[in-house]
2 protein chains.
Amino acid sequence: MQKHESPLPALFAALGDPVRFAITERLLTQGAQSAGALQDVAEISAPAVSRHLKVLRNAGLVTQTVDGPRRIYAVNPQAVGQLSRWIGGHEAFWAPSLDRLAALLDEKDSTP
Amino acid sequence: MQKHESPLPALFAALGDPVRFAITERLLTQGAQSAGALQDVAEISAPAVSRHLKVLRNAGLVTQTVDGPRRIYAVNPQAVGQLSRWIGGHEAFWAPSLDRLAALLDEKDSTP
DNA sequence: TCGTTAATTAACGTATCGGTTAAATTGAGG
DNA sequence: CCTCAATTTAACCGATACGTTAATTAACGA
């Protein structure tokens, strides 16, 4: 039997860099784009962007498709789904606390 | 006006290390624990655990309370809430794709 | 086929990260 | 006051991460 190494830390690590986070948000909000179009997410060289894209791809967070001479990158919905499920799986833990906070704020107003 | 530096990359980076991810899951599933009780999340020394906890704290992902000589760590629900809101904010993007995947799988069964 | 555009890979320097052991700190108690 | 237990801080070290510029690969049109 094999050790189930969770892919989540890798996903988190990929998003943990500001440039890669910016790239990911761009792809999420504006849809798929070529590497060149992503050039202006930060003031860094093209090779730097390229390597960030490689990290994102290795983590499974983005996919690459080839269109002529350019490579088109898009967020992999399944990866985001994994993140969502992880957080959702712990929602029972943190959501009540937020409710409780809201309740406390309410209480402050209604029952002194 | 000040530049709104998103705290999300820092949160992601904090979770991007396997040890810190394990610590976080422990705190999520088993509740608050002392640094000593977290010792066995990995086969590393106590100072190493301590520094990971410091990173988590600096990222705002965990809180520290003092109980006599020991420090009790707990996940900060607001931080998890931030992650949840980020993903939720992009749900419109990725959730439909998952539906489409399910549809494709269905299709494979019913309409060949 | 030659040149141009798009992107990646190669090679390299520096900074940060994550681990260790040893020393310092802090609180509880005899 | 002295000691013990819990934890953090200090000092150090090797590996990795991220940036750069230069060179390479790949696709396309004149």
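Proteins come first, then strands; the chains are lettered A, B, ... in the order of their sequence lines, and each starts at number 1.
- Of the residues in residues 50-75 of chain A, those placing a heavy atom less than 4.0 Å from an atom of DNA chain D are A/R51, A/H52, A/G68, A/P69, in numerical order.
- Screening residues 26-35 of chain B for salt bridge (Lys or Arg N to Asp or Glu O under 4.0 Å), with sequence neighbours left out, gives B/R26-B/D40.
- Scored by the side chain to side chain contact (heavy atoms under 4.5 Å, CB included) test, A/S50 finds no partners at all (sequence neighbours excluded).
- Applying the side chain to side chain contact (heavy atoms under 4.5 Å, CB included) test to B/S45 and every residue at least two apart in sequence or in another chain returns B/P47, B/A48.
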Anything under 3.5 Å between a donor and an acceptor, one on a side chain of residues 7-18 of chain A, the other on a protein residue two or more places apart or in another chain? List them.
residue, atom, partner, partner atom, Å
A/D17, OD1, A/V19, N, 2.9
A/D17, OD1, A/R20, N, 3.2

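- Near-neighbour residues of DNA chain C inside residues 10-23 of chain A, defined by a heavy atom below 4.0 Å, are absent.
- Not counting sequence neighbours, the partners of A/A46 by the side chain to side chain contact (heavy atoms under 4.5 Å, CB included) test are A/Q39.
- Counting non-hydrogen atoms under 4.0 angstrom, B/A35 reaches the backbone sugars and phosphates but no base.
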Return all side-chain donor-acceptor pairs below 3.5 angstrom for residues 60-73 of chain B, not counting sequence neighbours, or 'none' if the list is empty.
residue, atom, partner, partner atom, Å
B/T63, OG1, B/A74, O, 3.4
B/Q64, NE2, B/Y73, OH, 2.8

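- Residue pairs meeting the salt bridge (Lys or Arg N to Asp or Glu O under 4.0 Å) criterion with at least one partner in residues 42-62 of chain B, sequence neighbours excluded, are absent.
- With a cutoff of under 4.0 Å to any heavy atom of chain A, the contacted region of DNA chain C is bounded 5' to 3' by C/dA6 to C/dA11.
- Between A/V80 and B/H90, every side-chain heavy-atom pair lies at or beyond the 4.5 Å cut-off.
- Note that CD of B/E25 is 10.5 Å distant from CD of B/Q30, once rounded to the nearest 0.5 Å.
- Taking B/N58 as the reference, nothing meets the side chain to side chain donor-acceptor pair (under 3.5 Å) condition, with sequence neighbours excluded.
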